Amino acid sequence: MPPTPQELSLLINPLVPESVQHNTRVISQLRSLTSFLLGLTAGILALQSATGFVFYLLGTILVSGLFHFTLIYSSHGKGAGGYYPGAGGEIDGLVVRRDGVVKDAGKGTRRGAWRDVWFGGGVLGEAVSGFVLGWAGVGGVLR
């Protein structure tokens with residue numbers, strides 16, 4: 001039975017589970033810290049209601065973009081696929097010829113790994129609570 005694309009991807013470019021856990025923990029800590037700092041800033045600026053949440057979303061997009069740019073730069077163009085598994089851990093562009101030889105016809109990036117950077121780490125979950133805590137705390141103290 002021929003190997004599945006996911007098995008081929010993990011054989012060619014393996015991901016160590018401990019490293020993936022560490023990378024996920026790092027992005028979660030980055031999200032928590034930046035969301036709390038964004039909350040403090042929103043409280044200092046006395047942003048209210050929807051403008052505060054728009055500020056959070058724009059700040060989160062900026063931080064995710066900077067983090068993704070850093071990953072692209074440090075991985076020499078491969079992006080988040082070297083650090084995060086993405087959707088099933090499959091590498092785009094792997095082709096198995098009839099004689100069983102595996103060719104990498106693409107860039108060698110993991111499919112969907114960018115989602116782990118942009119939406120991972122509790123962007124719309126645990127990070128929002130840190131934002132609201134900082135926002136309400138500083139806003140309440142300054143009033």
Side-chain angles (χ1 to χ4, degrees), residues 1-97 101-143:
M1 184 163 108
T4 65
Q6 182 180 8
E7 290 171 340
L8 284 174
S9 300
L10 290 174
L11 286 172
I12 292 172
N13 191 3
L15 284 174
V16 179
E18 291 84 10
S19 298
V20 173
Q21 288 174 350
H22 171 74
N23 295 341
T24 305
R25 191 172 45 249
V26 166
I27 200 165
S28 178
Q29 291 172 347
L30 176 75
R31 295 265 186 237
S32 297
L33 179 64
T34 56
S35 66
F36 184 70
L37 292 175
L38 286 170
L40 291 176
T41 307
I44 291 170
L45 294 174
L47 299 177
Q48 296 179 353
S49 191
T51 56
F53 284 109
V54 168
F55 179 76
Y56 170 71
L57 289 175
L58 292 176
T60 301
I61 289 170
L62 176 70
V63 169
S64 295
L66 290 173
F67 192 67
H68 200 198
F69 176 74
T70 303
L71 287 177
I72 290 172
Y73 181 74
S74 67
S75 66
H76 306 292
K78 288 196 175 194
Y83 304 99
Y84 297 98
E90 294 179 24
I91 296 176
D92 284 336
L94 288 182
V95 177
V96 181
R97 296 190 318 208
V101 176
V102 179
K103 265 185 99 175
D104 187 6
K107 289 166 103 178
T109 59
R110 292 191 192 278
R111 186 177 308 157
W114 63 273
R115 289 185 194 109
D116 293 333
V117 174
W118 287 87
F119 301 117
V123 172
L124 298 174
E126 62 195 38
V128 173
S129 63
F131 171 75
V132 171
L133 179 68
W135 187 21
V138 170
V141 168
L142 292 179
R143 285 190 180 69

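From a predicted model like this one, the values you see are computed outputs, not experimental measurements. Starting from 1, each residue takes its place in the sequence as its number.
Here the closest heavy-atom approach between residue A127 and residue Y56 is recorded as CB-OH, 3.6 Å. Across I27 and T24, no two heavy atoms sit closer than the pair CG2-O, 3.2 Å.
Side-chain contact between F55 and T41 is present, with at least one heavy-atom pair separated by less than 4.5 Å. E126 is not listed as a side-chain neighbour of S35, based on a closest heavy-atom distance of 4.5 Å or more.
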Exercise for the section: Check the pair S64, R31 against side chain to side chain donor-acceptor pair (under 3.5 Å), reporting the backbone distance first and the verdict last. Expected result: CA-CA 9 Å; S64 295; R31 295 265 186 237; 2.8 Å; yes
Exercise for the section: Would you sort out whether F131 and T34 count as a side chain to side chain contact (heavy atoms under 4.5 Å, CB included), showing the intermediate values? Expected result: CA-CA 8 Å; F131 171 75; T34 56; over 6 Å; no
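The CD1 atom of I44 lies 14.0 Å from the CH2 atom of W135; values are rounded to the nearest 0.5 Å. In this structure, CG in L133 is found 8.5 Å from CG in L40, a value given to the nearest 0.5 Å. We find the CD1-CG distance between I61 and L66 to be 12.0 Å, quoted to the nearest 0.5 Å.
No donor-acceptor distance shorter than 3.5 angstrom exists from the side chain of T51 to the backbone of L47, with no hydrogens or angles considered.
Ring pair F69/Y73 is parallel by interplanar angle, where below 30° counts as parallel and above 60° as perpendicular.
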